[in-house]
Amino acid sequence: MAKNLVIVESPAKAKTIEGFLGNEFTVKSCMGHIADLSKKGLGVDIQNGFIPQYIISPEKKKIVNELKRLAQDSEIVWLASDEDREGEAIAWHLFETLGLEEQKTHRIAFHEITKSAIQEAIKTPRQIDQNLVNAQQARRVLDRLVGFELSPLLWKKIKPALSAGRVQSVAVRLIVEREEEIRNFQSTSSFRITGDFKVKTGNKTSIIRAELNKRFQLKEEALAFIDKCRKAGYVIEEVETKPAKKSPAPPFTTSTLQQEASRKLGFSVANTMRIAQELYESGKITYMRTDSVNLSGMALSMAHKEIASSFGENYVKIRKFTTRTKGAQEAHEAIRPTFAGDKTIEGDRSRKRLYELIWKRTIASQMADAELEKTTVTIGISNAEEKFIAKGEVIRFDGFLKVYLESKDEEEQNGEEGTLPPLNTGDQPVLAEMNAQQKFTQQPFRYTEATLVKKLEELGIGRPSTYAPTISTIQKREYVVKEDRPGVSRDYTLITLKDDQITESIKSENTGYEKAKLFPTDVGVLVNNFLMRHFTNILDYNFTANVEEDFDDIAEGKKVWNEMIRQFYGPFHEQIEKTLETSGKVSGEKSLGKEPKSGNNVYVKIGRYGPMVQIGDTDSDTKPRFASLKKGQSIETISLQEALDLFKLPRTLGSTGEGEEVVVSTGRFGPYIRYQSAFYSLPKTDDPLEVTLARALEIIHEKQQLDNQKTLHEFKEGTTIIRVLNGRYGAYISCNKENYKIPKGKDAKTLTLKDCQEIIANTEPSKSKSKKKK
DNA sequence: CAGTGAGCGAGCTTCCGCTTGACTT
């Protein structure tokens, strides 16, 4: 038995470190937090100084028991969780839970997984920093109080199973407000003038494109200008050449990796994290949940060597990047390849692509600046004040551009500049063509998952480990949806001057096309409005930044943690109580008009199961009728006619010879046909409002035939039916809605009734997802 | 996997931040 037990957070890390330390050391991982607040009630004793009620997380019990056993047999236990707030709390929970003794416990930390860093850490152990632990307790308790008091309020006032929290509610707010900006956006247009000029250099003629330094609001102004230009001459008044340089972006953090993988590879943030995890576990990259842009000395020298040997020493420039992110804790290195010499790796396509992205970004970050030459040419017009400006760019030294250039988000994009031929002041270019194109101002951009992460990080909200889960939570709660939306065609005016002829034409362009963008739902808007009205302070974009300052004070011992919580909780809880009393149920109800044939009122609102239409009032003699809105419909935009159309289902199509009714309706999973108490999904090509009895029977027949192919055997035994079915993972036995695996060595095709009964008697039914709850 | 929406009320839902499970219907 080793004399020393080292506990780190991640198993992959444990494996690496074990190799660095001698056989006197056993290295184990605790897999993150081992204890958390109890989920029964608030998990916080509010009456007695907000004392947290911790329990060992059920899924960690096994690990804790093993660590307990190992700790008892060790002379020294080294708590090597990350050096940040959460890591300190993990160390403290380990200390408490494993029943460690102070003399035999050392707290150590390292920011990079290298042999020297770890040996250095072992030489400088310290005690657990209780102030830092208290800062974490304050963070944890605050989040619990906010989440577990706001959410139940929403259940009472809006609908069940909703949620709210310090992070997710702000994420939803950003999306709701962006959508409002877009709805209120008024597009204006102006005319942009470009001129294509013929220039002679030596005996070669080339064309350069220049843009007028003025835009015209009105078509008439643009026309008048162009008309004037028919008689004009042009002269190059100035050629200005300036050197410029471009520098590489810093190495990846979690947030920038998610952004760049989204822009360059089209990955969702969850996908990026899943693949990065695989790369980490197989030892290809360093830890993927980090807010640091720092690279270890070893990484820098590896990068140096790689760049020098691939591109030459003049391409090397070792740089130290500093983090500017709010609240960064920098417990890890930046995300980088473990071995800079591995340009690529084995593995599937997306793993390879993500790895290469990380490799390029890391290498480029240690390469020389690119040196450019920017040229601006000013062309004067003989009969007008305005000037045409042509811009060009030449790369004199490519530097890091040889490897990698960071992509830009939509809002940052502007036109690329090409090269210009050599030009001289006094040259007289000849106009080949001039265009005035009507340009519209661009509406604000909707968030993608990745640009939302970027925004959250700017606001200091959320952590590398929570960006991806937060994005999926707000989608799971159906506050926002990620969707593609087709664009609309828009006409614009184009005026062209060519061969002394002015022509005017109307062209059309596609605008507003959206791919994988985040849109708020009706429920998202309603919940946001409710929270904004009653809990403005929690939804404030600066709320997190403000409480983080308090946490910092606690960490430095300048504030008492539960005193800070008490000051927050008093007014917060009062606001909860007040809202419970004063606010009625909120449904976002909107009147659409009246149903023509009955004269009853038609409403749209949020009900228990989401957005719905209601015909008739609840206090009238007849019961109102209800129908859910379809996917893609919204309270905001639905018309009276669309609302009434929702009541055309269910439709009875008719009956078959056996007197069984065929009914078409729509459910949670789309339109379906019901016949003999069985369900048949309607193909997308069929409209449930139009489908005929004949067509429905055809669909039923097709499905039945498909099922027959699926069924290998069918045995009837009294009332129970035993089937041998072909599933996605091979053949299995189905009986009384339970499924049974067929043992290896038996051929499904030759199974008899007796065989099946034996299998059923001897095997546990497979767990089905639908009934894992007690 | 598929009918819901008034009322009655039991019993359920929920936070953020650390980390990887599991074995497929």
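Lettering of chains follows the sequences in order, A, B, ..., and the numbering in each one begins at 1.
Residue A/Ala164 is classed as a sugar-phosphate contact, given heavy-atom separations below 4.0 Å to backbone atoms only. Using a 4.0 Å heavy-atom distance criterion, A/Ser628 is classed as a base contact. Contacts of A/Arg166 with the nucleic acid, taken as non-hydrogen atoms under 4.0 Å apart, involve only primed sugar atoms and P, OP1 or OP2. Residue A/Thr473 is in sugar-phosphate contact alone, with no base atom involved, counting any heavy-atom pair closer than 4.0 Å across all strands shown. As judged by a 4.0 angstrom heavy-atom cut-off over every strand, A/Gly616 is placed among residues making no nucleic acid contact. Within the 4.0 angstrom heavy-atom criterion, only backbone atoms of the sugar-phosphate kind lie near A/Tyr287; the bases stay farther away. Residue A/Gly607 is in base contact, counting any heavy-atom pair closer than 4.0 Å across all strands shown. Heavy atoms of A/Ser10 sit under 4.0 angstrom from primed sugar atoms or phosphate atoms, though from no base atom. Among the protein residues, A/Arg85 comes within range of no part of the nucleic acid, since none of its heavy atoms lies under 4.0 Å from any strand. Among the atoms of the strands shown, only primed sugar atoms or phosphate atoms (P, OP1, OP2) are found under 4.0 Å from some heavy atom of A/Gly462. Among the atoms of the strands shown, only primed sugar atoms or phosphate atoms (P, OP1, OP2) are found under 4.0 Å from some heavy atom of A/Val167. As judged by a 4.0 angstrom heavy-atom cut-off over every strand, A/Pro650 is placed among residues making no nucleic acid contact. Within 4.0 Å of A/Lys605, counting heavy atoms only, lies no atom of the nucleic acid at all. As judged by a 4.0 angstrom heavy-atom cut-off over every strand, A/Leu145 is placed among residues making no nucleic acid contact.
Within a 6.0 Å radius of CD in A/Glu478, other residues, nucleotides and ligands contribute 12 heavy atoms or fewer.
In terms of polar N and O atoms assigned as donor or acceptor, the side chain of A/Arg463 never comes within less than 3.5 Å of the base of B/dC16 in a complementary pairing. Donor-acceptor pairing under 3.5 Å, judged by distance alone, is present between the side chain of A/Arg140 and the base of B/dC15. Donor-acceptor pairing under 3.5 Å, judged by distance alone, is present between the side chain of A/Ser681 and the base of B/dA2.
Take the nearest nucleotide of DNA chain B for A/Asp143 and for A/Glu281: the residue whose nucleotide is more 5' is A/Asp143. When each of A/Arg144 and A/Lys60 is assigned the nucleotide of DNA chain B bearing its nearest heavy atom, the one mapping closer to the 5' terminus is A/Arg144.
When distances run from any side-chain atom of A/Arg477 to the nucleotides B/dC18, B/dT13, B/dT14, the shortest one goes to B/dT14.
A/Tyr672 has its ring centre no less than 6.0 Å from the ring centre of A/Tyr680.
Dashed line: the shortest gap from a side-chain N or O of A/Thr466 to OP1 or OP2 of B/dC16 is not under 4.0 Å.
Judged by the 6.0 Å and 45° rule, A/Arg144 forms a cation-pi pair with A/Phe148. Relative to the ring axis of A/Tyr541, A/Arg173 places its NZ or CZ within 45° and under 6.0 Å from the centre.
Looking only at atom types and distance, the side chain of A/Glu330 has no donor-acceptor partner in the side chain of A/His111 under 3.5 Å away.
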